[in-house]
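Quick caveat: nothing in here was measured; it's all calculated off a predicted structure.
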Amino acid sequence: SPLSRLAAACLFASLAAFTATGCATPGATMSHDAPTTAADGPAWSTPQRLEALCTERLASATRTRDALKMMSGPRTVENTLVPFNAMMVTLQPAGGWAGLMFNVHPDEAVRKAAQECQQTLSRFETDISLDRGLYDALAAVDVSGADATTQRYQEVLLTDFRRSGVDKDDATRARLAAIQERLVDLN
């Protein structure tokens with residue numbers, strides 16, 4: 001996906017950002033444990049449970065993205081970079097488990113649900129990578145007084161956005177989105 005490198009950077013930056021701000025972000029998890037509920041068991045045990053995990057994580061990330069774009073006032077590490085990072089981290093369990101289950105689960109229905117989850121998350125990541133408003137919000141954060149990890153995180157983040165084509169005109173971004181959509185469909 002266009003932001004794969006970014007996703008890895010998010011996981012790394014999470015530790016620094018959460019440690020620096022002293023806060024945990026609701027809905028974000030750094031756990032590698034299998035997502036479960038007491039009554040339902042592991043998310044991969046049925047296609048419906050895997051779909052529910054994917055839908056829940058995507059809805060949470062969408063809410064964060066929308067809130068980031070609607071926010072007014074000065075952009076800061078705490079009100080822009082930390083929530084953006086949390087949004088990307090929120091997607092990781094769904095994407096990770098879907099990828100694994102697509103490759104190894106013995107039930108074809110679970111593999112199909114996993115593939116659909118991966119495709120949905122890839123589309124969302126493409127939308128993010130080409131979202132000029134989100135890019136502008138992230139670029140507006142002044143990190144000159146922040147620690148080196150935060151400065152590097154913003155630098156890598158903005159570079160990945162530009163590599164995805166966010167700084168191109170509307171027609172070019174639309175074409176890039178169509179190409180990425182085709183690649184998602186082929187996978």
Side-chain angles (χ1 to χ4, degrees), residues 1-37 43 52-99 117-118 120-168 173 177 180:
S1 78
L3 295 178
S4 297
R5 197 173 109 192
L6 172 61
C10 285
L11 289 174
F12 174 74
S14 306
L15 297 173
F18 294 142
T19 301
T21 61
C23 65
T25 303
T29 179
M30 294 298 292
S31 171
H32 297 288
D33 295 337
T36 63
T37 62
L53 172 67
C54 189
T55 300
E56 169 200 324
R57 295 301 176 129
L58 185 60
S60 176
T62 299
R63 285 189 300 274
T64 302
R65 180 199 60 199
D66 294 347
L68 276 170
K69 289 174 62 173
M70 292 176 54
M71 192 195 93
S72 60
R75 297 290 182 163
T76 67
V77 170
E78 292 78 19
N79 72 18
T80 304
L81 288 181
V82 170
F84 180 85
N85 185 67
M87 174 185 69
M88 298 305 291
V89 170
T90 295
L91 297 173
Q92 292 303 308
W97 287 108
C117 178
Q118 286 182 305
T120 299
L121 295 176
S122 289
R123 287 181 184 101
F124 183 77
E125 289 176 355
T126 297
D127 290 346
I128 289 171
S129 73
L130 295 173
D131 188 323
R132 184 61 195 223
L134 197 51
Y135 170 82
D136 289 342
L138 295 165
V141 176
D142 178 9
V143 295
S144 60
D147 62 86
T149 302
T150 301
Q151 290 176 10
R152 175 75 175 143
Y153 173 62
Q154 185 193 41
E155 176 188 336
V156 170
L157 181 65
L158 296 177
T159 298
D160 285 347
F161 267 90
R162 287 188 298 274
R163 284 182 180 153
S164 294
V166 74
D167 55 344
K168 306 299 182 207
R173 284 198 317 272
Q180 188 63 31

Measure the spacing between [atom1] of [X] and [atom2] of [Y] and express it to the nearest 0.5 Å.
X: Arg57; Y: Thr62; atom1: CZ; atom2: OG1; result: 13.0 Å
X: Cys54; Y: Leu121; atom1: SG; atom2: CG; result: 4.0 Å
X: Thr80; Y: Asn85; atom1: OG1; atom2: CG; result: 12.5 Å
X: Lys168; Y: Arg132; atom1: NZ; atom2: CZ; result: 10.5 Å
X: Tyr135; Y: Ser164; atom1: OH; atom2: OG; result: 11.0 Å

If I compare all heavy atoms of [X] with all of [Y], which pair ends up nearest, and what's the gap?
X: Thr126; Y: Ala177; value: CG2-CA, 4.4 Å
X: Gly145; Y: Gln151; value: N-NE2, 4.5 Å
X: Arg173; Y: Val166; value: CD-O, 3.4 Å
X: Leu91; Y: Ala61; value: CD2-CB, 3.6 Å
X: Thr64; Y: Met87; value: CG2-CB, 3.7 Å
X: Asp131; Y: Arg65; value: OD2-CD, 4.3 Å

Go through the steps for Phe84 and Leu134 under the test side chain to side chain contact (heavy atoms under 4.5 Å, CB included), then give the verdict.
CA-CA 9 Å; Phe84 180 85; Leu134 197 51; 3.9 Å; yes
Between [Y] and [X], is the closest basic N to carboxylate O distance under 4.0 Å?
X: Arg75; Y: Asp142; answer: no
X: Asp127; Y: Arg123; answer: no
X: Asp66; Y: Arg63; answer: no

So, the side chain of Ser60 versus the backbone of Glu56: is there a donor-acceptor pair under 3.5 Å, distance only?
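No; zero donor-acceptor contacts below 3.5 Å.
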So among Val77, Thr150, Leu157, which one has a side-chain contact (heavy atoms from CB on, under 4.5 Å) with Val141?
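For Val141, the side-chain contact (heavy atoms from CB on, under 4.5 Å) test succeeds with only one of Val77, Thr150, Leu157, which is Val77.
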Can you check side chain to side chain contact (heavy atoms under 4.5 Å, CB included) on Phe161 and Ile128, steps first, answer last?
CA-CA 9 Å; Phe161 267 90; Ile128 289 171; 3.9 Å; yes
Please walk me through it: do Leu138 and Gln154 pass side chain to side chain contact (heavy atoms under 4.5 Å, CB included)?
CA-CA 8 Å; Leu138 295 165; Gln154 185 193 41; 5.7 Å; no
Report the C-alpha distance between Leu81 and Val143 in whole Å, list the side-chain angles of each, state the deciding distance to 0.1 Å, and finish with yes or no for side chain to side chain contact (heavy atoms under 4.5 Å, CB included).
CA-CA 10 Å; Leu81 288 181; Val143 295; 3.8 Å; yes
